[in-house]
Amino acid sequence: GELKKMNQLLLLYIFGIESKSETVTFDVSMRLWLRGKRKEDTEFDLIIDGRKMTKEISCEDKECTQKRVFAEPFIAYDLYDAYIEVENYHQLPDPSLIHFKFLAVKEYFTKMQLGFKIFYTILSAVACWFFKREINLLAPRERSYEQVNIFYLSILLIFFNDPLFVFNASTPSFFWSILSCLFTVLFVIYLL
């Protein structure tokens with residue numbers, strides 16, 4: 001299907017399906033060609049040109065592993081197309097054991113995540129405002145060290161709730177991701 005920025009990221013997985021035998025482990029050598037296309041474009045852009053890789057698939061007790069072949073951290077295209085050439089296809093114990101699948105974050109999950117972040121950011125800002133209002137009633141000498149630290153912690157809590165996630169969801173980039181991580185790290189460091 002067509003992807004949107006709200007899908008957040010795109011993953012391509014190789015996975016094994018239930019094996020008939022008890023335990024099977026094998027390597028899959030492959031080459032990956034990946035291309036992407038925007039709605040307004042007439043041709044696909046080549047993203048990956050024949051990257052070689054080997055992934056180990058193991059199946060035990062009818063449970064098989066799945067391995068990531070490709071990850072696109074920010075959706076840049078509306079359509080993606082992959083061509084995978086399995087180089088050791090005839091050496092596999094059972095070629096029907098392997099499958100490939102594109103996975104992306106569901107759009108409704110991003111919207112739900114956005115709602116939670118906005119709600120808790122507003123809740124944190126209101127709590128910070130009320131606490132600041134109450135602490136201002138005290139004279140500066142009457143304020144304890146703990147009260148002042150809780151006030152600073154409540155400010156950092158606003159940023160911990162990632163108020164800039166709106167920008168990351170609408171125009172994803174490494175800048176917003178790094179800023180989000182920085183807010184989280186600052187909050188945790190201040191807690192320590």
Side-chain angles (χ1 to χ4, degrees), residues 1-15 32 34 36 38-39 45 47-48 51 53 55-56 58 63-80 82 100-192:
E2 192 175 296
L3 294 172
K4 298 176 180 142
K5 290 179 181 176
M6 293 289 268
N7 292 111
Q8 294 187 41
L9 66 112
L10 178 71
L11 302 167
L12 175 61
Y13 276 96
I14 179 174
F15 63 97
L32 170 67
L34 187 76
R38 293 178 188 88
K39 282 186 212 177
D45 294 333
I47 301 168
I48 297 176
R51 181 188 299 161
M53 62 187 82
K55 300 291 180 181
E56 182 183 272
S58 60
E63 293 278 328
C64 296
T65 59
Q66 63 179 16
K67 300 286 175 103
R68 186 173 64 200
V69 175
F70 169 77
E72 178 85 329
F74 306 111
I75 304 291
Y77 298 94
D78 300 310
L79 298 170
Y80 285 86
F100 295 89
K101 186 175 188 176
F102 275 116
L103 299 171
V105 174
K106 300 285 186 199
E107 192 175 355
Y108 71 85
F109 177 78
T110 304
K111 289 178 181 176
M112 181 184 69
Q113 196 177 12
L114 195 57
F116 273 108
K117 288 184 182 288
I118 290 170
F119 173 75
Y120 284 110
T121 298
I122 292 170
L123 187 66
S124 301
V126 168
C128 179
W129 179 79
F130 273 115
F131 189 78
K132 177 65 175 163
R133 193 182 75 175
E134 292 299 315
I135 205 169
N136 280 343
L137 297 175
L138 298 171
R141 282 195 263 166
E142 293 177 354
R143 296 177 194 161
S144 71
Y145 174 76
E146 289 82 9
Q147 288 171 326
V148 173
N149 277 335
I150 288 175
F151 172 66
Y152 291 136
L153 193 60
S154 67
I155 292 172
L156 289 173
L157 182 62
I158 295 169
F159 292 104
F160 176 75
N161 287 315
D162 202 5
L164 302 178
F165 183 74
V166 174
F167 299 113
N168 199 22
S170 60
T171 55
S173 73
F174 281 111
F175 174 74
W176 300 121
S177 299
I178 289 170
L179 209 53
S180 177
C181 289
L182 181 68
F183 292 157
T184 304
V185 167
L186 284 174
F187 179 77
V188 172
I189 286 173
Y190 196 78
L191 279 176
L192 299 175

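These figures come from a predicted structure and were not determined experimentally.
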Undergrad: For A76, what residues pass the side chain to side chain contact (heavy atoms under 4.5 Å, CB included) criterion, not counting sequence neighbours?
TA: E72, Y80
Undergrad: Taking side chain to side chain donor-acceptor pair (under 3.5 Å) as the test, write out the residues that go with S124, two or more places apart.
TA: N161
Undergrad: When rounded to the nearest 0.5 angstrom, what distance separates CG in L156 from CD1 in I189?
TA: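 It is 10.0 Å, given to the nearest 0.5 Å.
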Undergrad: Mind checking what makes side chain to side chain donor-acceptor pair (under 3.5 Å) contact with E107, not counting sequence neighbours?
TA: none
Undergrad: For G36 and I47, work out which heavy atoms get closest and say how close.
TA: N-CD1, 3.6 Å
Undergrad: Excluding sequence neighbours, so at least two apart, what forms side chain to side chain contact (heavy atoms under 4.5 Å, CB included) with R38?
TA: E40, D41, D45, Y77, D78
Undergrad: Return the CD1 to CE distance between I14 and M53, rounded to the nearest 0.5 Å.
TA: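 Reported to 0.5 Å precision, the distance equals 9.5 Å.
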Undergrad: Measure the spacing between CG of L157 and CD1 of I150 and express it to the nearest 0.5 Å.
TA: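 Result: 12.0 Å between the selected atoms.
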Undergrad: Please list, chain by chain and in numerical order, all residues satisfying side chain to side chain contact (heavy atoms under 4.5 Å, CB included) with R143, sequence neighbours excluded.
TA: I135, N136, L138, Q147, V148
Undergrad: Got a second to check how far L153's CG is from L191's CG, nearest 0.5 Å?
TA: 5.0 Å
Undergrad: Please list, chain by chain and in numerical order, all residues satisfying side chain to side chain donor-acceptor pair (under 3.5 Å) with D162, sequence neighbours excluded.
TA: S180
Undergrad: Is there a side-chain contact between L179 and F175 (heavy atoms, below 4.5 Å)?
TA: yes
Undergrad: What residues, two or more places apart in sequence or in another chain, satisfy side chain to side chain contact (heavy atoms under 4.5 Å, CB included) together with E56?
TA: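 Listed in chain order: T25, D27, K67.
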Undergrad: Determine all donor-acceptor pairs shorter than 3.5 Å in which one atom belongs to a side chain in residues 111-122; sequence neighbours excluded.
TA:
unit_1: Q113; atom_1: OE1; unit_2: Q8; atom_2: NE2; d: 2.9
unit_1: T121; atom_1: OG1; unit_2: K117; atom_2: O; d: 2.6

Undergrad: What pairs of residues pass the ring-ring contact (aromatic ring centres under 6.0 Å, His included) test when at least one of them lies in residues 123-163, not counting sequence neighbours?
TA: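 Passing the test, one end in residues 123-163: F159-F183, F160-F187.
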Undergrad: Enter the distance from C128:SG to L123:CG here, rounded to the nearest 0.5 Å.
TA: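 Nearest 0.5 Å value for the SG-CG distance: 11.5 Å.
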Undergrad: Give the minimum heavy-atom separation between L9 and P73, together with the two atoms involved.
TA: CB-O, 3.8 Å
Undergrad: For F167, what residues pass the ring pair (Phe, Tyr, Trp, His ring centres under 6.0 Å) criterion, not counting sequence neighbours?
TA: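 Per chain and number, F167 pairs via ring pair (Phe, Tyr, Trp, His ring centres under 6.0 Å) with W176.
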Undergrad: Please give me the minimum heavy-atom distance between L32 and V69, naming the atom from each residue.
TA: CD2-CG1, 4.0 Å
Undergrad: Can you pull out every salt bridge (charged side-chain N to carboxylate O under 4.0 Å, His left out) where at least one residue sits in residues 126-140? Sequence neighbours excluded, please.
TA: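 Output for this query is empty, none listed.
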